[in-house]
Amino acid sequence: QVQLVESGGGLVQAGGSLRLSCAASGSISSMPVMGWYRQAPGKQREMVAGFTSSISTTYADSVKGRFTISRDNAKNTVYLQMNNLKPEDTGVYLCNALKRAVVYWGQGTQVTVSS
């Protein structure tokens with residue numbers, strides 16, 4: 001079993017920055033494949049950023065050039081650096097991990113961007 005804990009969310013003004021962290025623990029021998037999703041009010045959960053391989057990443061069109069996903073394998077942690085935040089970025093951000101074809105989710109961290 002894998003446990004995921006997100007942190008780093010908060011309230012920020014438009015144009016500001018936040019860095020989210022997702023720490024993985026539990027039954028892991030190596031860093032699982034991980035990504036970031038967000039769920040805004042009235043909208044479906046969408047992928048924001050993720051690793052498509054150990055070295056390749058992908059981003060939603062709406063965040064390209066503003067968000068950067070990275071990882072620290074030694075700490076079993078994945079990060080999401082969010083710059084130039086916009087009000088439409090508001091939502092609950094969740095990380096997930098893929099381990100042996102099973103998807104795990106964290107509880108999420110709230111990001112609120114004010115105008």
Side-chain angles (χ1 to χ4, degrees):
Q1 187 176 356
V2 175
Q3 294 85 43
L4 305 173
V5 179
E6 302 98 333
S7 62
L11 175 64
V12 65
Q13 291 184 313
S17 299
L18 287 172
R19 189 182 75 160
L20 307 183
S21 299
C22 177
S25 63
S27 182
I28 55 174
S29 59
S30 62
M31 186 71 171
V33 176
M34 299 179 72
W36 287 96
Y37 285 69
R38 71 184 176 193
Q39 189 162 21
K43 296 183 178 180
Q44 293 183 310
R45 185 174 297 178
E46 63 175 340
M47 187 194 73
V48 175
F51 288 97
T52 57
S53 72
S54 61
I55 60 173
S56 300
T57 58
T58 187
Y59 298 91
D61 288 341
S62 61
V63 307
K64 286 182 178 178
R66 299 189 296 118
F67 291 10
T68 303
I69 188 171
S70 62
R71 69 199 307 169
D72 186 334
N73 289 335
K75 297 181 179 180
N76 292 324
T77 300
V78 64
Y79 304 94
L80 185 66
Q81 179 66 46
M82 306 186 295
N83 297 325
N84 192 25
L85 284 162
K86 303 176 180 179
E88 52 262 43
D89 294 320
T90 293
V92 176
Y93 284 70
L94 308 98
C95 65
N96 72 354
L98 179 64
K99 185 74 171 180
R100 293 188 177 184
V102 176
V103 178
Y104 299 87
W105 293 93
Q107 292 297 310
T109 185
Q110 177 70 41
V111 172
T112 303
V113 184
S114 62
S115 300

* Report yes if some heavy atom in the side chain of W36 is under 4.5 Å from a heavy atom in the side chain of L94; otherwise report no. => no

* Is there side-chain contact between I69 and Q81, with at least one heavy-atom pair below 4.5 Å? -> no

* To do: Report whether V63 and L80 are members of the same hydrophobic cluster (ILVMFWY, side-chain heavy atoms less than 4.5 Å apart, transitive linking).
  => yes

* Evaluate the side-chain proximity of Q1 to K99: yes if any heavy-atom separation is below 4.5 Å, no if none is. => no

* **Trace of the side chain to side chain donor-acceptor pair (under 3.5 Å) decision for Y37 with R45** => CA-CA 7 Å; Y37 285 69; R45 185 174 297 178; over 6 Å; no

* Given the rule that I, L, V, M, F, W and Y join up when any side-chain heavy atoms are under 4.5 Å apart, are L85 and Y79 in one cluster? -> no

* Just jot down the side chain to side chain contact (heavy atoms under 4.5 Å, CB included) partners of K64, sequence neighbours excluded, or say none. => Y59, D61

* Quick one: which residue pairs count as a side chain to side chain donor-acceptor pair (under 3.5 Å) with a foot in residues 6-23, not counting sequence neighbours? => S17-N83

* To do: Compare all side-chain heavy atoms of L20 with those of M82 and state whether any distance is below 4.5 angstrom.
  => yes

Below 3.5 Å, can you tabulate the donor-acceptor pairs from side chains in residues 104-115 to any protein atom, sequence neighbours excluded?
unit_1, atom_1, unit_2, atom_2, d
T109, OG1, G9, N, 3.2
Q110, NE2, T112, OG1, 3.3

* To do: Keeping the roles fixed (side chain from T90, backbone from P87), state whether a donor-acceptor pair exists under 3.5 Å.
  => yes

* Cation over ring, R71 on F51, under 6.0 Å and within 45°? -> yes

* Same hydrophobic cluster for M47 and V103, using side-chain heavy-atom links shorter than 4.5 Å among ILVMFWY? -> yes

* L98 vs N96 side-chain heavy atoms within contact, under 4.5 Å -> no

